[in-house]
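Within every chain, numbering begins at 1; the chains are lettered A, B, ... in the order of the sequence lines, protein sequences first and strands thereafter.
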Amino acid sequence: MTMIRLGLTLMLITAIASGGLALLNNVTAPIIAEVERQEQESARNAVVSSLGGTLDTLSTIYVENGDTLRYWLVRDTQTDEVIGYVAMAQRSGYSSNVKTMCGFDSDFNVVGLQIVSQQETPGLGTRAEEPAFLEQFNGRSSATLDVTQDGGEINAITAATITSRAVTVSIREIAQRILTAVRANEAIANAPVEIAEEAVVTPAEEVGQ
Amino acid sequence: MSVASEFTKGFVKENPVLRLALGLCPALAVSGSVKNALGMGASVIFVLLMSNLIVSIVRKGVPSKIRIPIFIVIIATFVTIVEMVMHAYSPALFRSLGIFVPLIVVNCIILGRAEAFASKNNPFLSIIDALGMGLGFTFALVMIATVREILGNGTWLGIQIAPASYEPVLLMILAPGAFITMGFLLAMFNWMDEIKAKKQKDANVAKAGIKMKQLERGGN
């Protein structure tokens with residue numbers, strides 16, 4: 001009997017607690033989602049600000065071997081020509097997944113970087129967010145990025161080589177993946193006319209029926 | 001004990017970190033910068049205040065056999081509130097405190113005060129106790145963080161105070177720096193205690209001496 005009474009007391013307390021938290025979560029969840037969306041959007045805008053074009057509001061999605069790559073195109077404001085790309089690179093560092101928003105010009109040179117999230121060692125790995133580290137990437141070709149320890153030209157943060165390497169390698173990899181995706185999309189766009197016609201005809205037929 | 005002494009005991013006499021050696025995990029982990037120390041201190045004050053208050057209110061209805069799980073549920077609820085609110089309204093602080101916000105649940109200061117104080121005292125005294133202990137915790141954290149941030153980064157609350165030529169001592173920012181700083185602070189607190197005890201003793205001896213003289217004079 002006491003067992004049941006104790007159980008019911010605990011159940012009552014946990015029910016009140018979880019009910020309260022559920023209510024609060026209803027309030028904060030949309031705000032948290034909005035905060036994260038804004039953070040990512042401002043990061044996207046910041047990394048391509050030097051290109052001066054406009055960022056596509058919709059992302060391009062490319063699936064390769066089951067891996068989804070999501071990137072944004074930067075277009076010239078007048079000619080609508082693609083002048084750059086933005087994507088989020090990520091790779092595990094010393095103690096967390098380091099996510100970096102990367103901006104590239106059309107030749108895949110780095111034009112801007114911003115660390116979006118990381119939980120590296122405070123005072124060491126977290127210094128990857130500082131301009132002193134990130135600015136040395138600017139203007140460099142993404143294909144040859146490496147830290148000096150691996151024979152590259154990026155000076156790693158003192159006592160945080162693993163974090164520095166994670167950022168550097170993730171940028172190089174995401175650039176390669178975007179390049180693959182862009183080439184694949186171009187191949188589709190330049191595909192034989194037959195396919196293109198089919199794509200146009202199908203909706204028309206549907207309308208007819 | 002008076003209300004005032006319930007409040008002030010948390011600072012020096014029963015300082016949770018430096019005297020009771022409770023809550024060392026966050027004290028060591030987030031004391032690398034003063035800003036983080038203040039953020040963690042504020043979170044702990046809130047959780048401590050609310051859990052002490054609720055525990056004190058429900059203390060008569062809680063069966064003693066399951067009081068610990070009930071206290072933990074109460075504490076975890078308020079920690080989750082802090083986590084959600086901080087994530088929504090202060091994302092920068094949330095990012096820098098990271099995993100240590102949810103870990104407030106297992107901060108033994110909070111359960112310790114619920115068990116040792118709030119479950120035996122009225123809500124008013126429990127609030128006073130929570131404020132004193134919470135501020136004492138923050139005070140200790142800020143002290144450790146001040147030493148570590150100045151030596152390890154040359155700054156205090158993000159403001160550059162060491163000359164540019166100063167080469168920061170990396171060790172102080174890393175975990176060992178926290179242990180070293182804490183060791184010295186504990187030694188300092190113990191030393192202060194010893195001096196106080198000695199003074200007390202000297203005063204007692206002096207008093208006794210005067211009494212003896214008075215007696216001697218009386219005898220003459």
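Contact count versus chain B (heavy atoms, under 4.5 Å) is highest, among A:Thr126, A:Leu10, A:Thr14, for A:Leu10. Note on B:Ile173, B:Ile66, B:Val30, B:Ile74: by heavy-atom pairs under 4.5 Å with chain A, the leading option is B:Ile66. The residue among A:Ile31, A:Ile16, A:Thr2 with the most heavy atom pairs within less than 4.5 Å of chain B is A:Ile31. Chain B forms the most heavy-atom pairs under 4.5 Å with one residue out of A:Thr158, A:Leu21, A:Ile13, A:Asn25, and that residue is A:Leu21. Contact count versus chain A (heavy atoms, under 4.5 Å) is highest, among B:Ile70, B:Val58, B:Asn36, B:Val62, for B:Ile70. Counting heavy-atom pairs closer than 4.5 Å to chain A, the top residue among B:Ala88, B:Pro69, B:Gly32, B:Gly61 is B:Ala88.
Taking NZ from B:Lys65 and OG1 from A:Thr9, the interatomic distance works out to 11.5 Å, rounded to the nearest 0.5 Å. In this structure, OG1 on A:Thr28 lies 10.0 Å from CD1 on B:Ile81, to the nearest 0.5 angstrom. Here the straight-line distance linking atom CG of B:Leu174 with atom CG of A:Leu124 works out to 4.5 Å at 0.5 Å rounding.
In the displayed structure, B:Tyr166 atom OH is contacted under 6.0 Å by more than 12 heavy atoms of other residues, nucleotides or ligands. Atom CZ of A:Arg127 has 12 or fewer heavy atoms from other residues, nucleotides or ligands within 6.0 Å. Atom OH of A:Tyr94 has 12 or fewer neighbouring heavy atoms from other residues, nucleotides or ligands inside a 6.0 Å radius.
In this structure, chain A has no heavy atom under 4.5 Å from any part of B:Phe94. Within the 4.5 angstrom heavy-atom criterion, only side-chain atoms of A:Glu129, from C-beta onward, approach chain B. Looking at A:Ala159, the atoms closer than 4.5 Å to chain B (heavy atoms on both sides) all sit in the side chain, from C-beta outward. Of the atoms belonging to A:Glu39, it is side-chain heavy atoms, and not backbone ones, that fall under 4.5 Å from chain B.
The closest side-chain heavy-atom distance from B:Val85 to A:Leu24 is below 4.5 Å. Within the 4.5 Å cutoff, no side-chain heavy atoms of A:Val35 are placed close to those of B:His87.
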Query raised in the report: Does the pair A:Val27 and B:Met84 meet the rule for a side-chain contact (heavy atoms from CB on, under 4.5 Å), with working shown?
Result: CA-CA 9 Å; A:Val27 179; B:Met84 293 196 294; over 6 Å; no
